[in-house]
Amino acid sequence: MFSHRWRFGSNRFTEVDLFTDRHETTAETLSQAIRDTAAEEPDADGSVLFGSLQGTVVGLRYYTGVVNRGEMVGLVRQPQNPYDPNAVMVANIYGNQVGHIKRELAAAMASVMDRSLAKVEGVVHSGTKNSFNMPVMLSFWGKEENKTAVIETMARRGYKLNMGGSKPTGTNLKNAFDTLFEGLMESIDGEKEAAKAVGTPLLPHQKQALSWMCARENKSALPPFWEKRGELYYNSLTCFSAKEIPERVRGGILADDMGLGKTLTTIALILTNFHKGKPLPVEECVSVAVHECVCLFFQSECSLSDLCSILIKCLFTCVQEEKSSPMKTKTKAQKASKLQVFLEDLDFAAALGGSASDISSKKKKIAKKATPTPSEFGQCIFSLYVSCTHVLCFLPLSMQDQFEQHVRANVKLNVYLYYGPDRNRSKKFLSSQDVVITTYNVLSADFGNKSPLHGINWLRVVLDEGHVIRNPNAQMSKAVLDLKTQRRWILSGTPIQNSVKDLWMLLAFLRLKPFDVKEWWNRVIQRPVTQGDRAGLQNLQTLVKCITLRRTKSSEVNGRPLVSLPEKTVCVEQVELSQPEREEYELARNEGKNTIGRYVAEGTVLRNYADVLAILMRLRQYCCHPDLLAKTSSDLGSAAATPAELRERMIEKLRLVLASGSDEECSVCLDSVRLPVITRCAHVYCRPCIAQVISNEQVHARCPLCRSEIKTSELVEFPQDEMEEESSTNSEKWRTSSKVQALLGNLLRLRCEDSSIKCLVVSQFTRFLTVLETPLREHGFSFVRLDGNMSQKRRAQVIQEFQSSAADSPAIMLLSLKAGGVGLNLTAASRVFLMDPAWNPATEEQCIDRCHRLGQKKKVVVTKFIVKDSVEESMVKIQRKKQDLVEKAFGPTNTDRKTSRIDDIKALMEL
DNA sequence: ACCGCCGGGTGCC
DNA sequence: ACCGCCGGGTGCC
């Protein structure tokens, strides 16, 4: 497990080097080795203490590692040691070797450790008394079933394990743990204004967050548990001390609730805190700047000298651009000469009336910047914005939207979306960007494959929705940990999902020493906390408090609520089907009921799940509008066809199911499904997850959910660009439906009452949105449409148009339920019409939150249209049941999910 | 003296 | 290491 890094046999020089070299370089290798060993260890959760014994550490004088009284040490097997294959090395927290365990004891320990019967931990209670050896208290930990084997192995060689007196308190600290992230606001001191380039004004709590983030990046306060003792820095948790100031964490966790503006605050940070607390130098589009400055001058908010400097800058830029018109990209030399000219404007401005001393100090500061050192320019000016999403192609786009939205239009910020097959992999190019946005998937796909992102020394890496990478064994997490950067941030609305365990990945990413090495994390935090040790929990709390800022929607600042969202009311409007609609619906319903009833009787519901969902889909579509049904599905029940046709129909059905957005989580990884594929039995998994299952079980592969046979060839992928064919074909044959009329009634009434109110009209069926376009156009509504198929450019355009407050801006947005990521901001709307119920109520909530969020000034009214006596009503009932379940306890387990599905279907069909 | 004793060299694994 | 251990020098009292 560890030998791969210590290859002695093959190379004599390595052998000599590693064991005679006393310089710090070994420490690096050593901590890496410890890290590697620890990473493969199982979690410390289930470990019990077998006993302890006093041992001896020898050979202290050969190594640089020092230890204090009470300090913890690590014990690492060294099977390739040329003098003794049983060697056990002793190292301190920083991974510096301290010595070896005495030979005879090492032999006994090796026999235990090599068979993974126990982990051995050491504490040096007495400290170092002489320079040759010292006593160490060794404690043996492992699984209960290995206890006797360990005790016997040690006893056989003459070592008796004693049970120490201190037993874990065992109190239940679960509740205390739940409150871990509460009351984390004490560390906030003051507010900070964002740099000018940030276009959106920050709210007070966002200025506080910005101030806190800048302080975390710039201030050199000691990390938690460190104190200065004389000339040394001492860690009170591990008792480790060092001459050098401990490496501090530049960054932390911003764990504010959703909707408090984490993204905006982060964008403000990127622009405001570039180098030594100074903002990111960005170029302004001068003509706009001049205009603004002249305005400010007349409002006497801008001095004459400022105005002059801007004017000169403008002049200069025009000349410069004239000279170098064919070359759009600016070289460093050009940038520097530009700055040089800027200095001259300042002089000129000073001559015109600015205070001379003031100007000269300004000049000095700028002069410093004008001659950038390679490290300042070549390495530091770039921020990486890593983000992630369930539907991976959406969120980075919306992140890019957010930059466009929050950065002043006159500021030229180079934001590159590192995504897609044609992404520019040039390190040089990426390094020249101000911000690079990518997804966890792209990052991990590149990892280990000459990844350009891993070859750049970033200034700052921000992990959006950072809780997603909580599993440290995942490739994605490893890829993230391997990024090189000075500053590290994690944005997360839910910092701890299940347990203390999830925190480790976050701390490891932040490089909070020594906890980034799993062994120390386990020993100092995780095990004490899971075993109910109050001090351990206290330490964890201190730790989290130091690096985390978390406010909730109900938090208060200076006695005032952080954000007060306007009231939201949700009402359900029942829709009665017309006589012909009802007849058509009942026909389909009876047919479906018969089919499903047969499946229920045969017990083959899950095996024919795709068919079942397709039937339900048809009914749901009938409820909206009869034309939603794809023409192809009308002949579904018809007689025999060729196998190829059958398969074609099957795929069509599956596509229908997937496109309907019945959002699922993958039962293999238990996370939101990524790269969704659907099986023949209509269960949705991540492609990599199910491919793993199939390759494990080979020919006998069965669906993990219903045990139907599955084949790779039958997996159907999520259709990326679906249903684009028909848009204007049947506009002359357009007909209405009860639901369309219900919506129109509301919209017309609203236009009379208050024409300034903007609406979201939401449906899961993009086809329905298309149907709705006709009557909206006829009644003279101005509207835009946003769905998942639109190009990012078009999306940004549409959002901007809709959000605009101009008189001729669109009043209605036709929105596909799942279009856009969580970041999508549609606060211009205050009225929401949900045209059809979703399987998952949370999806509806999320959609509503796109307008009921920070920045919403008006009361929000939501109307849900539900067709009376239909499958929609049954869906609402099931929604409510699920909501109760979620509120009562945790979600249903995987096993009863199966049965509850069947129950759901029976309820839906009134069987 | 195939011992004992002395005192210098030496020292992790 | 103010130890133990090794091995060479040495040798009545």
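So that the names make sense, note that chain A is the first sequence line, chain B the second, and so on, each numbered from 1. All values below were derived from every heavy atom in this structure, side-chain atoms included, with hydrogens, water molecules and symmetry-related copies excluded.
- Closest to the Phe132(A) side chain, of the nucleotides dC12(B), dA1(C), dC13(B), is dA1(C).
- Between the CZ atom of Arg77(A) and the P atom of dC12(B) there is a distance of 19 Å, rounded to whole Å.
- Rounded to a whole angstrom, the distance from the P atom of dG8(C) to that of dC13(C) is 25 Å.
- No option in Arg248(A), Arg488(A), Arg250(A), Arg487(A) other than Arg487(A) meets the salt bridge (Lys or Arg N to Asp or Glu O under 4.0 Å) test with Glu217(A).
- Distance, Asp84(A) CG to dC13(B) P: 8 Å, rounded to whole Å.
- The separation between Leu75(A) atom CG and dC12(B) atom P is 19 Å, rounded to whole Å.
- Between Lys513(A) and Trp226(A), the closest heavy-atom pair is O-NE1, 4.4 Å.
- Atom-to-atom, NZ of Lys129(A) to C1' of dA1(C) comes out at 16 Å; the value is rounded to the nearest Å.
- Separation of the C1' atoms belonging to dC12(C) and dC3(B) is 15 Å when rounded to the nearest angstrom.
- For the pair Glu519(A)/Lys119(A), no side-chain contact is recorded, criterion being any heavy-atom separation below 4.5 Å from C-beta on.
- Under 3.5 Å, the side chain of Tyr62(A) and the base of dC13(B) form no donor-acceptor pair of N or O atoms.
- Under the 4.5 Å side-chain criterion, counting only non-hydrogen atoms from C-beta, Tyr159(A) is not in contact with Val112(A).
- dT10(B) and dC6(B) have their P atoms separated by 22 Å, given to the nearest Å.
- Taking atom CZ of residue Arg103(A) and atom C1' of nucleotide dG11(B), one finds them 13 Å apart after rounding to whole Å.
- Atom pair Lys102(A):NZ and dC5(C):C1' shows a separation of 12 Å (rounding to whole Å applied).
- Per the geometry, OH belonging to Tyr83(A) stands 9 Å off C1' belonging to dC13(B), to the nearest Å.
- Residue contacts for Leu60(A): at a heavy-atom cut-off of 4.0 Å it reaches no nucleic acid atom on any strand shown.
- The nearest whole Å value for the distance from the CG atom in Asn130(A) to the P atom in dA1(C) is 7 Å.
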